[in-house]
Amino acid sequence: MGNFLLRRLLSGVVLVFTISLLAFTLLYANSENIARRILGQNATAELVDRKTEELGLNRSLPQQYIEWLTNALQGEFGKSWFTGEQVTTGVTSRFGVTLSIVLGATIVAAVVGTLLGVVAATRGGRTDSTVQVFSVLGFAIPGFLVALALVLLFSIRLGWFKATGYIPITTSFTGWLTSVTLPITALALATIAVVAQQVRGSVVDGLGRDYVRTLRSRGLSERRVITKHVLRNAGGPALAVLAVQFIGLLGGAVIVEQIFAIPGLGQLAVSATVKADIPMVMGLVVATAVLVVIVNLVIDIAQASLNPKVRLS
Amino acid sequence: MTEFTVTPPPIPAAGRQSLLRRLLRKPVALVSIGFLAVVAVVAVVGRAVSPHDPYTSSLDLVLAPPGAEHPLGGDSAGRDVLSRLLTGTQISIGAALLALAVALVLGVAGGLLAGYYGGVFDTVSSWLTSLVMALPAIIVLLAARAALGPSIWVSMTIFGVLMSPAFHRLVYASVSAVRHELYVDAARVAGLSDLRIIGRHVLWVVRAPIIIQSAIVMGIAIAVQAGLEFLGIGDLAVPSWGSMLNDGFAQIYSTPILMLWPALVIALTSMALVLVANTARDELERVSPRRGRRRRAAEWSAPQVSEPAAIVHADAGDRPEDVLLHVRDLVVGYDQDDGGIKEVVRGVSLDIRRGEVHGLIGESGSGKTQTAFSVLGLLPAGGRVLAGSIDFGGVELVGASERVHAAVRGRRIAYVPQEPMSNLDPSFTIGSQLVEPMRVVAGLSKKEARARALDLLARVGIPDPQRTFSSYPHQVSGGMAQRALIAGAVSCDPELLIADEATTALDVTVQAEVLDLLRDLQEERGMALLLVTHNFGVVADLCDRVSVMQSGRIVETGPVETIFSAPQHEYTRALHAAILDDSTPRGALSPREVSAP
Amino acid sequence: MTALLDIVDLEVTYPGKGLRARTSPVLHGVSLDIRPGETVGLVGESGSGKSTLGRAVLGLAPVTGGRITYAGRDVSHLRRKDRRELASEIQVVFQDPYTSLNPAMTIDQILSEPLRVRGVNRAEASARVGDLLDRVNLPADAAGRLPREFSGGQRQRIAIARALALDPALIVCDEPVSALDLSTQARVLDLFIEIKQRTGVAYLFISHDLAVVRHVSHRVAVMYRGEIVESGDGDKVTSAPDHPYTQRLLMAAPVPDPVRQRERRVERRRLLDSQAATA
């Protein structure tokens, strides 16, 4: 088990490193273009040259990357080219906001999706069909359209929720709850659909397994067989789906934050992108990669604790 | 990124009709395909049939309401909304197609190589896949936009790369499954080249799932591309569904209707694609959406023709009061998709006395296992007892409530299955699977149950009970697992033990040991044993009485000596004739037999 | 008489997964020969390596030591292209008639495929398919149907027909009747014998069932944990074996006769006791 986790951790570190290298190459490859975009199309060649030199873009790419990496390993990701804000503070100050929404959506999706999946698999009939239809629709309609519909209906028409803004959980829990209800709903919908499908499939499959028949033959109740044995075995695949979904939710948050004017990583990412604020974009990419690696590691641990074959290897 | 996983179908579509034709018969798929066809046509001719120039602004038209000249009104820059919608379709669909094409080429090629050749290809491609999937697509696209500028085509090419794992995994899973199919081995032995095997045997299997996955990826590409434009990081001058949505969102308080049209086409197109994919997958896998209990089960009526009765050889010491299990005229059937019922057991009558070992022998499909499952009340989904009675020690089990069954199952009737490995829950130790029923069903304390389980494991001949107790199923051999299952079955001192092909999956030497164990346990506990098997040797070894089953009926029943020495029914005789043990051996190769190769 | 197939000190080790995977050989030093027209039975329990031996002969398992000679030619490490040439010499019938036929291909396509890759034209191949179906006692109209329309026994006949398509001199039969019912099994075995008598093909007949092997084999070899522990005349090995393992194997198989099985049980107990005493 320790060995397994160490291997996963190591591959995570390699992954982050590779991503930073690729992203750096992509972002810094065309130094002249960068300077020109900062200064505008009318800037003279001389100005562009001076800007290039000022930002240190005139050195070779490997040189620049090694410098970036050395600094990054010390927690120093440079400053924004436009606001002068430290990349580290820029990212960390918005990190919690995005994380609270994405984690909230993940938890909601996991709980609701599992319940729907189990109900659909065990009840069958009309319940099953309803869940199936919901799953297909939930998956088919893009999340940001759902977000737009929610804003129009609940905020603008009915005025139940504020359309925009964010209240930190540290300020007021209920305030936070009202400010994230719509974004989390919009984000979670598709994931609920995917989790429900997955769990339904695993439970249907599990109920047909030989060992379930044997457990029933020993006199165990249907409820016990499902909650203790079938669900436990459905857990592994469901977690794998959740790991992939988490990455999707992180992406979805970028758009949803824009709609609800939530000051998270998404907003930062969009503004940095439009301005070509390269150090900031670079910091964001690395932060996201680290987050994904951590989440995958957590899921790996959870999966290993469910699966004796992994745990004992 | 979100993706619905498409599982590779084990068997290609039933029927030799094309998938498309079958889809067109489903209303949901028909409507969806129709809508997509319209979108496709608009994508091709939209620019040409636009009533106005989609780029020209007019001050009069700024946020204009719908009117005769401009059916959908004007946007915030005073451009004709309908024209932009029509022209935008071309760009949105084209961009999504580009992403799809890139994903298809990379994913399918990579999946084929990694799945068929494995080794280095496999390692490299799985590393690349996890790299590509490690970041949210939007973040990558934002970074690319920061570096390369706002080109929809560049974005969608990159997005294609990001979506390629969707195809890669699908093709990889199918190919590595097919790769180990015996028919691929047979093709290699038959002298086919790798290229031909891939084309003929491998790609053939994945083509339908690839088409389905394409629809899903297309839908995601449309959504992501619209999302990017909506964020305002695309080229807003170019009309596309996403940029129109962006324009509408800016006017959400004044003219929210501007959002309606692009939102509607995006949602409808995405939905149509997913619905087509979903229906196609259902059609391929033939998963009936109405699982479980139907609203009304199909009616069954007893056949009018009476079947010939079974030949019954009477036993000297027959006493009716000894009968423990009394099955009369049992009929078991499975509901079919077409509303009919397929009978698998057709009027079985069977008596098992206390302490008797009764063999139920028959070939595959004879209904012997279904008979056993009926007694346990554990028929698989879709199966039910249609007629007859099962009397177990005075308790009627046919039509009994789950409570009645539960009182019998695991307490008075126990079951030993065929496959030892698949009958143990892989997630729990063998010990906990023994202890759980003892605690829940027999109400023992944790300590008592544990002690009893260890005793039982020792009793069934497991050399190190403590170790097996704390082992997981994958850590023990098949023979050990079967012993543990027998231990579990007898843990509640049942009056009847049903062993369904309990030694079939075992090696001959292990089988002999397990047969010895079953005999010893049966003798020391005096329990009745119903032995379901296809093996005459097993019957001869263990049974007191035998019933021979053929296509859902018992044709002959009697004491084991009689069935072996004086079989009456022609089917029993035919089975005896097929036994090889008494056949003369082949003898050495005679020169006469050799012909020049 | 020279051997058709000569296996000398064969060793097979499957490559492990990952970098530090430990691998132990599945076969260590197996020697066996088959003469033209001869049926050699190979008996063993699961994990004994009997199927791996068959796969090595077919070029489907990696030979990591020793040599396989076919008609005087070393075929242990053939390149793919040369291996394909051997298709008309060595053929196969697998155990599972459900997965050994591509479910998406018609019987006609399955049977004509090996012919077509060797350049036989369509009409000729079609005629040959009719002939092949006839030889395995299936109706000619079977050609247009799909595998799932046939029972297990019929599918196994189709697999046999495919093996016969190229007129091989040796057919490796890997548990070809274990998935079949008793009565079907007897008929398929008779078909194997009949084909052998008509065409003079040699069989490497792999099975876990001593009775099946005795029924078809001239000579029998017994495998145990990757080695051949006993081989010789079929009658001798399957009724009065010398090796303790073969003796155990023989005694373990229950006889389909209650009276004789009772005696066999006593005999088996005595054998196990005496083997335990000498061990």
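Please read all numbers here as calculations on a predicted model, not as lab measurements. In what follows, every chain begins at residue 1, and chains take the letters A, B, ... in the order their sequences are listed.
- Note on A:Val151, A:Leu152, A:Leu284, A:Asn307: by heavy-atom pairs under 4.5 Å with chain B, the leading option is A:Leu152.
- Considering only heavy-atom pairs separated by less than 4.5 Å from chain A, the leading option among B:Gln433, B:Met259, B:Met438 is B:Met259.
- Remark: B:Phe428 CZ to A:Arg232 CZ distance equals 4.5 Å, nearest 0.5 Å.
- Looking at B:Met421, neither its backbone nor its side chain comes within 4.5 Å of chain A, counting heavy atoms on both sides.
- Both the backbone and the side chain of B:Leu378 come within less than 4.5 Å of a heavy atom of chain A.
- Minimum heavy-atom separation, A:Leu220 to B:Pro437: CD2-CA, 3.9 Å.
- For chain B, the nearby part of A:Leu145 is the side chain; its heavy atoms alone come within less than 4.5 Å.
- Looking only at heavy-atom pairs under 4.5 Å with chain A, the residue among B:Ser422, B:Ser491, B:Ala442, B:Ser270 that has the most is B:Ser422.
- Counting heavy atoms from C-beta on, the side chains of A:Thr214 and B:Leu424 never come closer than 4.5 Å.
- Only the backbone of B:Ile413 has a heavy atom closer than 4.5 Å to any heavy atom of chain A.
- The side-chain heavy atoms of B:Ile266 and A:Pro142, taken from C-beta on, include a pair separated by under 4.5 Å.
- Looking only at side-chain heavy atoms (C-beta outward), B:Asp425 and A:Asn233 come within less than 4.5 Å of each other.
- At least one side-chain heavy atom of A:Leu148 sits less than 4.5 Å from a side-chain heavy atom of B:Leu245.
- Atom CG of B:Leu141 is separated from atom OG1 of A:Thr273 by 10.0 Å, given to the nearest 0.5 angstrom.
- Chain B forms more heavy-atom pairs under 4.5 Å with one residue of A:Arg216, A:Glu222, A:Lys275 than with any other, namely A:Arg216.
- Note on A:Ile141, A:Val281, A:Thr288, A:Ile278: by heavy-atom pairs under 4.5 Å with chain B, the leading option is A:Thr288.
- Heavy-atom pairs under 4.5 Å with chain A peak, among B:Ala263, B:Gly232, B:Ala267, B:Pro426, at B:Pro426.
- Contact of B:Glu402 with chain A is not made at all, since no heavy-atom distance falls under 4.5 Å.
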